[in-house]
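Here the structure comes first, spelled out in structure tokens, and everything after it is commentary.
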Amino acid sequence: RNVFPEDVERAAAQVAGVRPGNVIAFGVEGRRGREDIVVVAEIKGDDHAAVRSEVTDRVRDALGLSSQVVLVPTGSLPKTSSGKLQRSLCRERFLDEQLEQV
């Protein structure tokens with residue numbers, strides 16, 4: 001089944017505590033050769049555990065998928081000079097463990 005990153009991002013962005021428009025979703029190779037979903041979201045506020053849990057639940061409820069949720073500080077998602085999110089650069093930084101997590 002094909003899942004579009006925009007659908008995952010839309011579901012995650014509905015969670016209180018996530019900055020709307022500042023969510024990136026992508027796939028990574030997981031166990032047993034299956035693709036896992038990673039959601040990277042900029043957070044506002046201090047209740048990290050609750051936001052992480054709510055994003056996980058929202059993605060599962062909306063799309064039937066489990067996901068790994070990474071919360072990052074405001075302003076840390078990679079963007080182009082025109083302000084568009086850079087999904088591939090975010091994925092590279094995740095894989096290289098270069099994302100600043102909260």
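Position 1 is the first residue of the sequence, and the numbers go up from there.
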Task: CA sep, side-chain torsions, deciding dist, call: Val23, Val39, side-chain contact (heavy atoms from CB on, under 4.5 Å) - done: CA-CA 7 Å; Val23 179; Val39 178; 3.8 Å; yes
Open item on the list: If you compare all heavy atoms of Ile43 against all heavy atoms of His48, which two are closest, and at what distance to 0.1 Å?
Closed with: CD1-CD2, 3.3 Å
Open item on the list: Looking at every non-hydrogen atom in both residues, tell me the closest pair between Lys79 and Asn22 and how far apart they are.
Closed with: NZ-OD1, 2.9 Å
- [ ] Group every Ile, Leu, Val, Met, Phe, Trp and Tyr by side-chain heavy-atom contacts under 4.5 Å, then state whether Val69 and Val102 land in the same group.
- [x] yes
TODO: State, with a plain yes or no, whether a side-chain heavy atom of Gln68 is found less than 4.5 Å away from one of Val70.
DONE: yes
Task: Partner of Val38 under side-chain contact (heavy atoms from CB on, under 4.5 Å), chosen from Ile24, Leu95, Val28 - done: Val28
Task: CG (Asp46) with more than 12 external heavy atoms under 6.0 Å - done: no
- [ ] Could you walk me through whether Arg58 and Gln14 pass side-chain contact (heavy atoms from CB on, under 4.5 Å), step by step?
- [x] CA-CA 8 Å; Arg58 185 70 56 109; Gln14 295 174 2; 3.1 Å; yes
Task: Straight-line distance of Asp36 CG to Ser66 OG, nearest 0.5 Å - done: 6.5 Å
Open item on the list: Using every non-hydrogen atom in the two residues, find where Pro78 and Arg93 come nearest and quote the distance to one decimal.
Closed with: CB-NH1, 3.6 Å
Task: Whether over 12 other heavy atoms sit under 6.0 Å from Gln98 CD - done: yes
Task: Chi angles and distances behind the side-chain contact (heavy atoms from CB on, under 4.5 Å) call for Val18, Val55 - done: CA-CA 9 Å; Val18 171; Val55 169; 3.8 Å; yes
Task: Shortest non-hydrogen contact between Lys44 and Pro20, atoms and distance - done: NZ-CD, 4.3 Å
Task: Verdict with reasoning, Ser76 to Thr74, per side-chain contact (heavy atoms from CB on, under 4.5 Å) - done: CA-CA 6 Å; Ser76 63; Thr74 299; over 6 Å; no
Open item on the list: Rounded to the nearest 0.5 Å, what separates atom CZ in Phe26 from atom CD in Glu92?
Closed with: 10.5 Å
Open item on the list: For a quick test of reading the model, state the closest non-hydrogen atom pair linking Leu85 to Gly21 and the distance between them.
Closed with: CD1-O, 3.5 Å
- [ ] Report yes if some heavy atom in the side chain of Asp57 is under 4.5 Å from a heavy atom in the side chain of Arg60; otherwise report no.
- [x] yes
Open item on the list: Restricting to non-hydrogen atoms, name the atom on Leu65 and the atom on Ile37 that form the minimum distance, rounded to 0.1 Å.
Closed with: CD1-CG1, 4.2 Å
Open item on the list: Would you say that Val8 contacts Leu63 through its side chain, given a criterion of any heavy-atom pair below 4.5 Å between the two side chains?
Closed with: yes
Open item on the list: Contact between Pro73 and Glu42 at the side-chain level, heavy atoms closer than 4.5 Å - yes or no?
Closed with: no
Open item on the list: For the CG atom of Leu71 and the CZ atom of Arg19, what is their distance to the nearest 0.5 Å?
Closed with: 13.5 Å
